[in-house]
Amino acid sequence: MPKTKFRPCIDLHNGQVKQIVGGSLNESNPSGLKTNFVSSENPSYYANLYKQYNLTGAHVIKLGHGNDEAAKECLAAWPGGLQIGGGITLENAEEWLNASAEKIIVTSYLFPDAKFSLSRLQDLSAKIGKEKIVVDISCRKKNNKWIIAMNKWQTLTDMEVNEESLELLSNYCSEFLIHAADVEGLCQGIDSELVEYLGKWITIPTTYAGGANSIEDLEMVNQLSNGKIDLTFGSALDIFGGTKVKFQDCILWNQQI
């Protein structure tokens, strides 16, 4: 039986590693940004740390412009060990794979004018191969449904997260990354209902991020999803200035699998 693993992240904003409250990132209103943590370390510090403990499947997310150099610094520190997302398109996907990304993570490109484009996903899969694609189905809850959100989680698309949509997407990618944007960065607990549904719906490796605030959340996600979903800690983690979860405890959890 599979078991939930800890998967780390590197969130980049203006070239620095930060932890940001999910729904507050809006380029048209930069003063509304709520930041939990800004690292004094170079981005490559985190890549080297994850490499040291062989924490595969870590995701590097570029939040807006001005992060390419920092992202490439991370990828160079652990060639083939990190996934990269943020502004990925058909035109630049190969560039990032050539820069030593393990996989590319895509969201907004698949939703021109906030409407899902199957042809864009098919073209991307044909060009680089589904095994190199992670679809980020970051979502927000509306009327008791989870709707995929794009444009740094500000814009709701026309696609609901459900068994049918996940089945369709999984034909053209090898993993899902799911940010529960409503709870992202708040450290007030995971969206357990979403995790439970995802555990029933998904058929490919999936990582959940959003709200995790206790090492016990690993066991909760493990039970809710029958071990099918991995978990990312962000603002709660001590390496990101948090006080609720110790990085070394996450290492120990993974080593026991």
Q | Asp191 and Asp182: CA distance, side-chain angles, deciding distance, side chain to side chain contact (heavy atoms under 4.5 Å, CB included) verdict | A | CA-CA 9 Å; Asp191 186 336; Asp182 292 324; over 6 Å; no

**Q.** Residue pairs passing the salt bridge (Lys or Arg N to Asp or Glu O under 4.0 Å) test where at least one lies in residues 66-82, sequence neighbours excluded
**A.**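 Applying salt bridge (Lys or Arg N to Asp or Glu O under 4.0 Å) to every pair that reaches into residues 66-82, excluding sequence neighbours, yields Lys62-Asp68, Lys72-Glu95.
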
Q. Is it true that Asp11 and Lys18 make a salt bridge, defined as a side-chain N closer than 4.0 Å to a carboxylate O?
A.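 Judged by the 4.0 Å cut-off on N to carboxylate O distance, Asp11 and Lys18 do not form a salt bridge.
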
Q) Are Lys5 and Asp230 close enough for a salt bridge, meaning some N to O gap below 4.0 Å? A)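 Asp230 and Lys5: salt-bridged.
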
Would a 4.5 Å heavy-atom cut-off, applied to side chains only, mark [X] and [Y] as touching?
X      : Y      : answer
Leu121 : Leu168 : no
Cys9   : His179 : no
Leu12  : Ile61  : no
Leu198 : Leu166 : yes
Leu49  : Gln52  : yes
Met1   : Asn226 : yes
Ile88  : Asn92  : yes
Ile147 : Glu160 : yes

Q) Mind checking whether Phe6 and Phe233 have parallel, tilted or perpendicular rings, split at 30° and 60°? A)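 Correct class here is tilted.
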
(Q) Before you tell me yes or no, could you show the steps for Leu194 and Ile178 under side chain to side chain contact (heavy atoms under 4.5 Å, CB included), namely the whole-Å CA-CA distance, both residues' side-chain angles and the distance that decides it to 0.1 Å? (A) CA-CA 10 Å; Leu194 175 59; Ile178 299 176; 4.3 Å; yes

Q. More than 12 heavy atoms of other residues, nucleotides or ligands under 6.0 Å from CD of Glu163: is that the case?
A.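 Counting neighbours around CD of Glu163, more than 12 heavy atoms of other residues, nucleotides or ligands fall under 6.0 Å, so yes.
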
Is there any ring pair (Phe, Tyr, Trp, His ring centres under 6.0 Å) pair reaching into [range], and which pairs are they, with sequence neighbours excluded?
range            : value
residues 125-148 : Trp146-Tyr197
residues 71-95   : none
residues 85-117  : Phe111-Phe116

Whether [X] side chain and [Y] backbone form a donor-acceptor pair below 3.5 Å:
X      : Y      : value
Asp123 : Leu90  : no
Ser44  : Ala77  : no
Asp136 : Ser138 : yes
Ser108 : Met150 : no
Asn67  : Gly15  : yes
Thr89  : Gly87  : no
Thr207 : Leu177 : no

Q: Start with the C-alpha gap between Arg140 and Leu156, add the side-chain angles, then the distance that decides, and say whether side chain to side chain contact (heavy atoms under 4.5 Å, CB included) holds.
A: CA-CA 8 Å; Arg140 309 193 80 150; Leu156 293 179; 3.9 Å; yes

Spacing of [X] atom [atom1] and [Y] atom [atom2] [to the nearest 0.5 Å]:
X      : Y      : atom1 : atom2 : result
Leu224 : Thr4   : CG    : OG1   : 9.0 Å
Glu175 : Ile202 : CD    : CD1   : 10.5 Å
Lys127 : Glu94  : NZ    : CD    : 4.5 Å
Asn98  : Leu75  : CG    : CG    : 11.5 Å
Gln83  : Lys132 : CD    : NZ    : 10.0 Å
Lys200 : Asn162 : NZ    : CG    : 14.0 Å

Over all atoms of both residues, closest heavy-atom pair of [X] and [Y]:
X      : Y      : result
Ile128 : Ala93  : CD1-CB, 4.2 Å
Ala212 : Ala236 : O-CB, 3.4 Å
Val245 : Cys250 : CG1-SG, 3.7 Å
Ile229 : Gly199 : CD1-N, 3.7 Å
Val161 : Cys139 : CG2-CB, 4.0 Å
Ala114 : Thr155 : CB-CG2, 4.0 Å

(Q) Side-chain heavy atoms nearer than 4.5 Å, only ILVMFWY residues, links allowed to pass through others: does that put Leu237 and Val38 together? (A)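 No; Val38 is not reachable from Leu237 via cluster members.
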
Q.
Applying a strict under-4.5 Å side-chain criterion to I, L, V, M, F, W and Y, I'd like to know whether Leu252 and Leu231 cluster together.
A.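 Each belongs to a different hydrophobic cluster.
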
Q) Taking it one step at a time, do Leu169 and Met159 satisfy side chain to side chain contact (heavy atoms under 4.5 Å, CB included)? A) CA-CA 11 Å; Leu169 294 169; Met159 180 174 274; 4.0 Å; yes

Q: State whether a side-chain donor-acceptor pair under 3.5 Å links Ser214 with Asp217.
A: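 Result is no, nothing qualifies.
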
(Q) Tell me if the aromatic rings of Phe247 and Tyr46 count as close, with their centers under 6.0 Å from one another. (A)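 That pair fails the under 6.0 Å test.
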
Q) Can you name the residues that form a salt bridge (charged side-chain N to carboxylate O under 4.0 Å, His left out) with Lys246, not counting sequence neighbours? A)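 Salt bridge (charged side-chain N to carboxylate O under 4.0 Å, His left out) check on Lys246 returns nothing, list empty.
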
Q: Can you sort out the partners of Tyr172 under ring pair (Phe, Tyr, Trp, His ring centres under 6.0 Å), two or more places apart, ordered by chain and number?
A: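 Ring pair (Phe, Tyr, Trp, His ring centres under 6.0 Å) list for Tyr172, sorted by chain: empty.
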
